[in-house]
Protein chains: 2
Amino acid sequence: MSNADEQAGPTVSGSLAHRVPDLGALELLLAVARLGSLGGAARELGITQPAASSRIRSMERQLGVALVDRSPRGSRLTDAGALVTDWARRIVEAAEAFDVGAQALRVRRDSRLRVAASMTIAEYLLPGWLLALRAQRPDTAVSLHAGNSTVVAERLLSDEADLGFVEGLSVPAGLDSAVIAHDRLIVVIAPGHAWARRRRSLAADELASTPLILREKGSGTRQVLDAALGGLARPLIELSSTTAVKAAAVSGAGPAVLSELAVGEELAMRRLVSVPVDGVALARDLRAVWPTGHRPTGPARDLLSLTRG
Amino acid sequence: MSNADEQAGPTVSGSLAHRVPDLGALELLLAVARLGSLGGAARELGITQPAASSRIRSMERQLGVALVDRSPRGSRLTDAGALVTDWARRIVEAAEAFDVGAQALRVRRDSRLRVAASMTIAEYLLPGWLLALRAQRPDTAVSLHAGNSTVVAERLLSDEADLGFVEGLSVPAGLDSAVIAHDRLIVVIAPGHAWARRRRSLAADELASTPLILREKGSGTRQVLDAALGGLARPLIELSSTTAVKAAAVSGAGPAVLSELAVGEELAMRRLVSVPVDGVALARDLRAVWPTGHRPTGPARDLLSLTRG
DNA sequence: TGGCGGCATAAGCTGGGTTTATGAGCAACG
DNA sequence: CGTTGCTCATAAACCCAGCTTATGCCGCCA
């Protein structure tokens, strides 16, 4: 109703939160899909049957689509309902990753597994691992601290963490490590930029002589790039988060260099395209690390075994 | 507080919806991250500054983590806040996909682009495409109808749809088509099953002689598999949705055959592992289709151009 | 023909999120 | 050195979404 609503297209009104049912409603819908009954879903979520009934109904009203076929002997999803339920599942899965991550961020002294990880890993990989860990060891309380390689090493060596994850080129002194995955930095650009239509690969000197959107000096990503180019990377802008770099690249500010972990989605949806590069070592290992000699045991060992392919 | 809360692990209480902030709060957090000020974010979302302040505060209370550093000249994310914001962004992106999909499901006679698509495509690919389409043509109203190849063909030929997407082996009569992507069926199994540790590939006859978790006869997925095996696939169970098949496989019921589009997440998180297969043609094309002669124009052409790699 | 499981409707309560109104800290500027 | 303008915090009043309890209708099955 206020003035900020009119900026978007004509089919849109209000913010996302007004057009998308809340998490409770989506969970309820998933339960109905799984159990085939409103009352059953209500019981599972610890609410009453009328509450479930009304909530599903108001969700249908909100979306303008019938989701559930009610009958005196149960409820089944409509075709549209099945589709909506699948889309809802994505939201709920993202929420589960959020939840397990947020729980780990809470500093708790009863943590049975203390993890320290670099930003990129904490952002993209750890929630999935923690979810898997919780699936097989539901009562393991995990705490997470994110920081660069130096911080990870400090926490491990001062016994403030049991297991670390780093993404740099070298393993900090005093730590043993195991490679758990491989990552590659890639050059990305908004579609529409001239580079997006190039056929030849970029050469190293071409990359080094072009101003790029980069993470700040000191970040793992920047270290790898500087090393690969011999410290010659020319920044167009320096930004302090992967997300900011992505946003700048998507908006057409110029070419950016990012971990392929960070841009999978953008590449798939063609908001960014990657530019092949020749003769530059942009691969890097993602490693689990622990104090030399102290092989991970207990929960740390469980988590480690989840992470290796 | 009610009796259903105690079923989960000791660190958990209540459902996801009680532990994860609602979409409005997450959107607000993203706005704060982007604009660097609570008041600014509030203005953008069309609420007042105290509302934003209180909402962020209650989110911090809920998560047990400080998210923003307030100062008399703005607010910045804490380290934990940056991580939380990135995880929140995933939820919001899933919600955007949900939103654009749900809007398209609403039957509207003012639709400027009417799409008919097979289930797998509607489920996994279309929301992303629609999001991209909305980014470059914000005022295009899209309607979506999901069904199998036959239904898609009928709707196109009776002028109830402008553009279709199918995943079968053959193009229905009366339609022209363009391949927009490739898909492969893969055999997946819960880790722990003997096949998960196999080194050799499966042979065709081995696959044909093993009872499998399958989609029902008539589904696109099943058609491709039956054709590849010469109609010999032995069902262990037949289920009516991709999701149900996945759930059965994850729970260890046996090997399943699914589109690789459907199991990317599960493979990455090792809830499922794929079993290599030899000598069976499980690849299939994903095609855009339209009535013979009527080359897509206008919004249909825009969408089509977004989908081809 | 009860009994059971499924869903809908109605009435009343509660709490979270909102608004308006106000105050206080810090910076820049004449 | 006060004024203006930005920031955020607090307090009180309000409103509505979603919950519960209570009830009724429908269909299936023993």
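For the numbers below, each heavy atom of this structure counts, side chains included, while hydrogens, waters and symmetry mates do not. Just so it is clear, the model here is predicted, and its values are computed rather than measured. Note on naming: letters A, B, ... go to the chains in the order of the sequence lines (proteins, then strands), and numbering restarts at 1 for each one.
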Notebook entry, point to check: Given A:Lys217 and A:Glu238, is the salt bridge (charged side-chain N to carboxylate O under 4.0 Å, His left out) satisfied, shown in steps?
Noted result: CA-CA 8 Å; A:Lys217 264 189 143 66; A:Glu238 288 188 339; 5.6 Å; no
Note to self: With salt bridge (charged side-chain N to carboxylate O under 4.0 Å, His left out) as the criterion, how do B:Arg34 and B:Glu44 come out once you've worked through the C-alpha distance, each side chain's angles and the decisive distance to 0.1 Å?
What the structure shows: CA-CA 11 Å; B:Arg34 186 156 33 83; B:Glu44 179 172 274; 2.8 Å; yes
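Salt bridge annotation for B:Arg19-A:Asp99: present, with a cationic side-chain nitrogen under 4.0 angstrom from a carboxylate oxygen.
Counting heavy-atom neighbours within 6.0 Å of A:Asn148 CG, excluding the residue itself, gives a total above 12. In B:Arg89, the CZ atom is crowded: over 12 heavy atoms of neighbouring residues, nucleotides or ligands sit closer than 6.0 Å.
Nearest heavy-atom pair, B:Leu28 versus B:Arg55, reported as atom, atom and distance to 0.1 Å: CD2-CB, 3.8 Å. The nearest pair of heavy atoms linking B:Thr85 to B:Ala33 is CG2-CB, 3.9 Å.
Close to C:dG6, at under 4.0 Å from its OP1 or OP2, lies no side-chain N or O of A:Arg70.
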Enumerate the protein-to-nucleotides 16-19 of chain C contacts in which both atoms are nitrogen or oxygen and the separation is below 3.5 Å.
unit_1	atom_1	unit_2	atom_2	d
C:dT18	OP1	B:Arg55	NH1	3.0
C:dT19	OP2	B:Thr48	N	3.0
C:dT19	OP2	B:Thr48	OG1	2.6

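Partner A:Arg215 forms a side-chain hydrogen bond (donor to acceptor under 3.5 Å, both in side chains) with one of A:Thr221, A:Thr242, A:Thr120 and no other, that one being A:Thr242.
One interatomic measurement links the two molecules: CG of A:Leu35 to P of C:dG6, which rounds to 10 Å at whole-angstrom precision. Distance A:Arg61 CZ to C:dT9 C1': 14 Å, rounded to the nearest Å.
If you walk DNA chain D from 5' to 3' and mark each nucleotide with an atom closer than 4.0 Å to a heavy atom of chain A, the marks span D:dG18 to D:dC28.
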